[in-house]
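Here is the structure we will look at, set down as structure tokens.
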Amino acid sequence: MNVLFEEDGHFRAGSVMTDSVSSLQVELPSGKRSKVKAANVLLRFASPEPSALLAAAETQAGDLDAPFLWEVCGDDEFAFEELAREYHGAAPDAVQSTAILLCLHAAPIYFHRKGRGRFRKAPPDILKAALAGLEKKRLQQEQIEHWSAELQAGRTPPEIAACATQILYKPDRNRLETKAVEAAAAAAGLSVVALMAKAGAFASSHDYHLGRFLFEYFPKGTDFPTHEVPPAGELPDAGVRAFSIDDATTTEIDDAFSVRPKEGGGWRIGIHIAAPSLAIQPGSALADIARSRLSTVYFPGRKITMLPDEAVDAYTLAAGRDCPALSLYLDVESDLRITAKETRIDRVAVVANLRHHEIEPLFNDDTLTAGELPDFEWRDELLLLWRLAEVLEAGRGKPSANGGQMDFNFYVDWEQTTEDGEGRVDILRRARGSPLDKLVAELMIVANNTWGADLRDAGIPALYRAQGAGKVRMTTVAAPHEGLGVDCYAWSTSPLRRYVDLVNQWQMITLLRGEPPVFPPKSEALLSALRDFELVYAAYADFQRAMERYWCLRWLRQRAAAGDTSPLSAIVLRESLVRLEQIPLVLRCPSLPARDPRSRVEVEVEHIHLLDNDARARWVGDLAALTGAAAVSEEELAEEIAEAELPPETPAADAPVPEVTPAAPESGEAD
């Protein structure tokens with residue numbers, strides 16, 4: 001005797017070795033023996049052989065029409081043998097019965113299973129819905145296959161182009177478009193990003209990286225909602241001639257300075273900060289815009305401003321006009337002692353916007369050391385401010401910037417096009433801690449420290465930067481900043497491009513006017529702004545670093561396209577990690593022999609992948625170590641290793657630096 005039984009969802013046939021009331025010992029055609037429960041036996045038969053039953057039944061089942069069986073069977077529950085008997089008009093043999101069983105089992109849309117070997121036809125309305133769903137799936141699969149073929153041929157269907165950003169950055173795998181892209185990528189042996197790049201889903205690798213950031217942080221686009229730019233109102237004339245010092249690309253000019261001799265000797269030095277808070281009232285459209293963006297986003301070649309251009313134009317300290325300002329005046333004696341401080345709200349005549357590239361060739365370490373500065377406008381004022389900065393720095397006991405280190409400024413010419421798309425980049429080295437840097441940094445530290453202390457002493461909450469045990473944090477409580485050597489430090493000098501500074505300026509203005517603070521003590525709105533700012537500012541800084549890395553790779557490709565394939569010099573950070581000297585790019589160099597940190601080597605850069613934002617270096621040889629000021633310090637080495645090893649990195653943007661590169665080490669926290 002042979003039996004057909006069900007085991008683990010599969011039908012099997014075998015010869016009965018022993019048979020009892022509750023179970024059977026069955027030998028399968030493979031020779032394996034199994035213990036089968038009697039309840040799992042569906043059919044007992046003498047012929048054909050077990051090894052032939054299922055093969056013959058599958059062949060016969062292929063000729064059966066499930067819709068026809070559905071039509072002829074009754075509405076009541078039935079066993080497969082009953083339907084086989086009715087279908088064949090006589091007692092069916094084992095093959096015929098098994099063929100009916102296989103057909104019913106393979107057609108769950110038409111027949112609902114009610115038990116082992118028992119079925120019931122699907123109700124007409126349920127069958128109709130199921131068939132409609134089946135047809136829908138068939139059409140969807142055809143659509144997926146069509147889109148997949150188009151993508152593999154290098155074309156992006158309009159339907160996929162419409163949701164390309166979501167597919168790239170946050171794919172919904174239930175969508176047909178996503179399924180089509182993933183199917184095409186698998187068939188082509190490419191990543192989804194590489195496939196969509198080949199199909200022209202985005203214009204360039206730059207757009208791909210920028211698009212990811214915008215998708216996450218500006219999902220509604222970078223355009224500003226409807227807003228008005230109110231005037232600041234009538235303000236007293238400061239009676240000074242002020243000038244600013246910034247990078248050539250800076251448009252959000254937050255700070256300017258003035259120098260006026262005092263009767264009897266000494267000077268009255270003014271630190272003038274743009275005051276958009278005089279017109280932008282909390283709760284207004286512009287205030288809500290600043291609260292939502294929290295900071296200007298900087299990246300090479302472009303920026304996304306915190307405030308609309310009209311608002312920036314209205315309150316930036318542009319030369320040739322009188323500008324509303326929050327001014328800190330320092331009474332400085334002839335021996336450079338500060339004997340008094342006064343904060344005023346006034347209107348300042350800005351007469352010059354000095355630019356680094358114009359002033360630094362005339363005013364730098366070399367010309368100052370020589371003791372004979374060239375004759376140029378603002379020479380005397382700059383010299384006085386630099387001498388004061390030297391005294392302020394010595395008084396704090398902390399450097400405002402790590403001298404000897406290099407900063408890198410990125411300039412992208414969008415009028416030019418390379419093989420990688422629009423834009424040609426120039427990366428210029430600039431020594432950190434120049435006299436101009438120190439001058440600006442020290443005066444900003446004075447302003448941020450003074451105003452933070454004024455708010456603290458008045459019991460008015462503000463947003464402070466504090467540093468202890470090497471860690472910088474934001475807080476609503478005034479606390480020391482060990483890296484700067486000050487008892488408190490409140491960012492207040494960049495209100496056009498940082499929401500924290502705008503908040504602190506609101507608080508300071510209410511103090512000067514004797515009004516209730518915008519944010520009272522224990523304000524939940526202030527705490528919320530602090531938390532949101534920290535998260536968003538860190539994310540913006542990560543994006544800036546990622547885009548600087550991208551443009552470093554573009555610079556390398558530009559260099560190679562120009563025919564320059566010579567090795568590049570690099571500094572060993574640790575193990576196989578190196579940083580190029582010409583540009584601020586850290587790479588893995590697997591072939592690097594064991595070398596001490598700060599060693600200099602020659603490398604060739606290969607395998608540049610712009611979409612992955614990565615490349616790899618290959619060791620070529622060793623170079624002589626740098627000496628003197630050009631040598632890499634332990635602090636610089638530690639800083640670069642930390643930045644290379646900690647993605648995403650925490651913000652360290654506190655030093656006054658050009659607008660194009662606002663991040664800097666914690667030790668120079670000023671801006």
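We count residues from 1, following the sequence as given. Computed from heavy atoms alone, side chains included, the values below leave out hydrogens, waters and symmetry copies.
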Ignoring hydrogens and angles, state whether a donor on the side chain of [X] or [Y] is under 3.5 Å from an acceptor on the partner side chain.
| X | Y | result |
| --- | --- | --- |
| Asn353 | Ser244 | yes |
| Tyr537 | Asp542 | no |
| Thr249 | Arg355 | no |
| Thr339 | Asp331 | no |
| Tyr489 | Asn448 | yes |

N/O donor to acceptor pairs below 3.5 angstrom from side-chain atoms of residues 509-518, sequence neighbours left out:
| residue | atom | partner | partner atom | Å |
| --- | --- | --- | --- | --- |
| Thr510 | OG1 | Gln507 | O | 2.7 |

For [X], give me all partners under salt bridge (Lys or Arg N to Asp or Glu O under 4.0 Å), at least two apart in sequence or on another chain.
| X | answer |
| --- | --- |
| Lys262 | Glu333 |
| Glu377 | none |
| Asp335 | Arg337 |
| Arg600 | Glu581 |

Ion pair [X]/[Y], N-O distance below 4.0 Å:
| X | Y | answer |
| --- | --- | --- |
| Arg430 | Asp437 | yes |
| Glu442 | Arg396 | yes |
| Asp254 | Arg498 | no |
| Glu252 | Lys303 | yes |

query: Is there any ring-ring contact (aromatic ring centres under 6.0 Å, His included) pair reaching into residues 243-265, and which pairs are they, with sequence neighbours excluded?
result: Phe243-Trp378
- prompt: Taking all atoms of both residues into account, what is the closest heavy-atom pair of Gln582 and Phe408, and its distance?
  reply: O-CE2, 3.4 Å
message: How close do Thr305 and Thr296 get, counting heavy atoms only, and between which atoms?
response: CA-OG1, 3.6 Å
- prompt: For the rings on Phe299 and Phe543, is their centre-to-centre separation under 6.0 Å?
  reply: yes
message: Is it the case that the ring center of His356 lies less than 6.0 angstrom away from the ring center of Phe363?
response: no
- prompt: If you draw the axis of the six-membered ring of Trp267, does the NZ or CZ of Arg260 fall within 45° of it and under 6.0 Å from the ring centre?
  reply: no
message: Tell me whether the NZ or CZ atom of Arg302 lies within the 45° cone about the ring axis of Trp414 and under 6.0 Å from its centre.
response: yes
message: Suppose we screen for side chain to side chain contact (heavy atoms under 4.5 Å, CB included). Which residues come up paired with Asn364, at least two apart in sequence or across chains?
response: Asp366, Thr367
- prompt: Considering residues at least two apart in sequence or located in another chain, which fulfil the side chain to side chain contact (heavy atoms under 4.5 Å, CB included) criterion with Asp487?
  reply: Asn449, Arg456
Just jot down the side chain to side chain donor-acceptor pair (under 3.5 Å) partners of [X], sequence neighbours excluded, or say none.
| X | answer |
| --- | --- |
| Gln281 | none |
| Trp451 | Thr343 |
| Asp413 | Gln416 |

- request: Measure the spacing between CZ of Phe533 and OG of Ser295 and express it to the nearest 0.5 Å.
  value: 5.5 Å
Under 3.5 Å, which donor-acceptor pairs do the side chains of residues 382-390 form with other protein atoms, sequence neighbours left out?
| residue | atom | partner | partner atom | Å |
| --- | --- | --- | --- | --- |
| Glu390 | OE1 | Lys438 | NZ | 2.6 |

